[in-house]
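This one's a predicted model, so the numbers in the text were calculated from it and none came from an experiment.
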Amino acid sequence: MASEDVNTEAAEGQRDRRFHGGAPAHLDDDELARRADEERADAGVTDYNPGDVPAATDDPVPFDPQADNDEQDIESVTARQEAEGETTPLSADNPFPPTRYAES
């Protein structure tokens with residue numbers, strides 16, 4: 001840490017050399033907050049620096065059901081159930097849901 005070149009002028013704002021060398025009248029709060037977030041991330045107090053995260057996009061990610069494995073699995077199970085007559089609606093002629101047990 002000691003070997004790093006730390007620029008303190010950005011947080012302190014512009015100094016007027018005609019006045020004393022004490023703390024400046026107006027500190028740059030945004031720069032101080034940025035540095036605090038960076039130091040928290042470096043120290044491991046927080047997982048990441050919020051300033052380093054890119055902005056979210058408003059564009060929706062295109063979805064292709066033909067390329068999605070989960071969607072294909074659902075479609076194949078649905079097609080099998082329809083082919084085997086498992087999805088027939090309940091009625092007076094068919095009062096019970098289908099069973100997985102073999103009839104004896």
Between Glu84 and Ala79 (side chain of the first, backbone of the second, donor and acceptor by atom type, cut-off under 3.5 Å), is there such a pair?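 Such a contact is absent between Glu84 side chain and Ala79 backbone.
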
If you round to the nearest 0.5 Å, how far is [atom2] of [Y] from [atom1] of [X]?
| X | Y | atom1 | atom2 | value |
| --- | --- | --- | --- | --- |
| Asp42 | Asp37 | CG | CG | 11.0 Å |
| Asp93 | Thr88 | CG | OG1 | 10.5 Å |
| Glu39 | Asn49 | CD | CG | 10.5 Å |
| Glu38 | Asp52 | CD | CG | 7.5 Å |
| Arg40 | Arg35 | CZ | CZ | 14.0 Å |

Counting only heavy atoms from other residues, nucleotides and ligands, does the tally under 6.0 Å from CG of Asp47 exceed 12? no

Would you say Phe63 has more than 12 foreign heavy atoms packed within less than 6.0 Å of its CZ? yes

With the side chain counted from C-beta on, respond yes when Gln66 and Glu71 share a heavy-atom pair under 4.5 Å apart, and no when they do not.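 Gln66 vs Glu71: side chains apart.
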
With sequence neighbours excluded, what pairs up with Thr87 under the side-chain hydrogen bond (donor to acceptor under 3.5 Å, both in side chains) test? none

Output the rest of the hydrophobic cluster of Val45: all Ile, Leu, Val, Met, Phe, Trp and Tyr residues reachable through side-chain heavy-atom contacts under 4.5 Å, sorted by chain and number. none

